[in-house]
Trainee: 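Below is one structure. I have some questions about it.
Computed from a predicted model, the values in this text were never measured in an experiment.
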Amino acid sequence: MKDGNCDFSPMKQILKEDIRQVIAALELNLEAMSNENDCLLGSFEKIKEQFVSIDMKAATFYLNCYLSPFTDKYPELTTSIQNLSNRKHGGLIVIQRQESLETIIQPGISIGAELTHSLLESIFYPGNPLHDGAVLVSQNQISSAANVLPLSVRSTGGKKLGTRHRAALGLTERSDALVLVVSEETGRISFALNGNLYPINNQGLH
C-alpha cells in the first residue's frame with residue numbers, strides 16, 4: 001500500500017482556476033445588474049453548476065487519497081462503482097481503514113477473495129442473494145458480503161435518504177471506515193467518511 005502522502009498541489013491549482021472563473025462570472029453579473037433589461041437567472045444557474053462541479057472534483061480527488069493507504073485496488077473499486085452506476089445497480093462497499101469493525105458490523109457471508117471489479121459487480125447484481133447488504137473490503141481482499149451496517153438516526157434537514165446512504169453514514173459515525181455508495185434509484189455515486197456524505201463525479205474517476 002502507498003504511504004498516503006497525497007500531493008494536493010495539482011488539484012489545488014485546478015480548483016483555484018475553477019474558483020477564479022466563478023468569481024469572474026459573479027463580477028460580470030454584478031456589473032450586469034445595473035442594466036435592468038438583463039435577466040441573470042440563466043447565468044446564476046450556470047454558476048451554481050460550476051460550484052457543484054468544483055465540489056465533485058475535490059471529492060473525487062480526496063477519495064483517491066483516502067483509499068490509497070489502505071488498498072492497492074483503487075482502480076478495481078472505481079471501475080466497479082462506475083459500472084454499477086451506469087447500470088443503476090445499487091452498491092454499498094465498506095473499506096476498512098485502521099479501526100476494527102467487528103463489534104459494529106453484523107457479519108454476513110465470508111468471501112475471502114482478491115478484490116476484482118467483476119466479483120464486486122456480480123455480488124451487487126440484482127437478484128443475487130448477497131446484493132442487499134454491504135461488502136467489506138480489507139486491504140486488497142473482499143472479506144465478506146451481505147453485512148448489515150448500523151443505520152444513522154441523524155436528521156438530514158428534511159432530505160430523505162435511502163437505506164444504503166443511512167447505513168453508510170451510520171457506520172462512518174462510529175468508525176474511521178470509508179463507505180462507497182451507489183444509488184439504485186439514480187445511479188449517483190457518493191462516499192461517506194466521518195459521518196458525512198460526499199458526491200462523486202463519475203466522469204472524473206480514473
Trainee: Any chance you could lay out the side-chain hydrogen bond (donor to acceptor under 3.5 Å, both in side chains) test for S152 and E173, step after step, and finish with the verdict?
Mentor: CA-CA 8 Å; S152 176; E173 287 168 353; 2.8 Å; yes

Trainee: Less than 4.0 angstrom from a charged side-chain N to a carboxylate O is my criterion; do E45 and K48 meet it?
Mentor: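 Counted as a salt bridge, because a side-chain N and a carboxylate O are separated by less than 4.0 Å.
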
Trainee: Going by atom type alone, with no hydrogens or angles, which donor-acceptor pairs under 3.5 Å involve a side-chain atom of residues 116-130 and a protein atom two or more places apart or on another chain?
Mentor:
unit_1 : atom_1 : unit_2 : atom_2 : d
T116   : OG1    : S118   : OG     : 3.4
T116   : OG1    : L119   : N      : 3.2
H117   : ND1    : E121   : OE2    : 2.9
E121   : OE1    : N83    : ND2    : 3.4
E121   : OE1    : R87    : NH1    : 3.0
E121   : OE2    : N83    : ND2    : 2.9
S122   : OG     : S118   : O      : 3.4
S122   : OG     : L119   : O      : 2.7
N128   : OD1    : L130   : N      : 2.9
N128   : ND2    : S122   : O      : 2.8

Trainee: At what distance, to the nearest 0.5 angstrom, does CD of Q50 lie from CG of L26?
Mentor: 8.5 Å

Trainee: CD of Q96 to CD of Q139: how many Å apart, nearest 0.5 Å?
Mentor: 8.5 Å

Trainee: With rounding to the nearest 0.5 angstrom, report the CG to CD1 distance, N147 to I109.
Mentor: 9.0 Å

Trainee: Find the distance between OG1 (T71) and CD1 (I95) and round it off to the nearest 0.5 Å.
Mentor: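 T71 OG1 to I95 CD1: 7.5 Å, rounded to 0.5 Å.
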
Trainee: Under the side chain to side chain contact (heavy atoms under 4.5 Å, CB included) rule, what do H131 and H89 come out as? Steps first, then yes or no, please.
Mentor: CA-CA 9 Å; H131 89 282; H89 292 175; over 6 Å; no

Trainee: Would you call L67 and L77 a side-chain contact if the rule is heavy atoms closer than 4.5 Å?
Mentor: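 Of all side-chain heavy-atom pairs linking L77 with L67, at least one is under 4.5 Å.
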
Trainee: Quick one: pull up CG in N86 and CD1 in I189 and give me the separation to the nearest 0.5 Å.
Mentor: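 Rounded to the nearest 0.5 Å, the CG-CD1 separation comes out at 7.5 Å.
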
Trainee: Once side-chain hydrogen bond (donor to acceptor under 3.5 Å, both in side chains) is applied, do any residues pair with N194, and if so which ones, sequence neighbours excluded?
Mentor: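 Checked N194 against side-chain hydrogen bond (donor to acceptor under 3.5 Å, both in side chains); zero matches.
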
Trainee: Would the number of heavy atoms belonging to other residues, nucleotides or ligands and lying under 6.0 Å from CD of E17 be above 12?
Mentor: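 Yes - once you tally the heavy atoms of other residues, nucleotides and ligands closer than 6.0 Å, there are more than 12.
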
Trainee: Look up atom CD1 in I111 and atom CD1 in I142, then write down how far apart they are to the nearest 0.5 Å.
Mentor: 7.0 Å

Trainee: Tell me every residue that passes salt bridge (charged side-chain N to carboxylate O under 4.0 Å, His left out) with D176, counting only those two or more places apart in sequence or in another chain.
Mentor: none

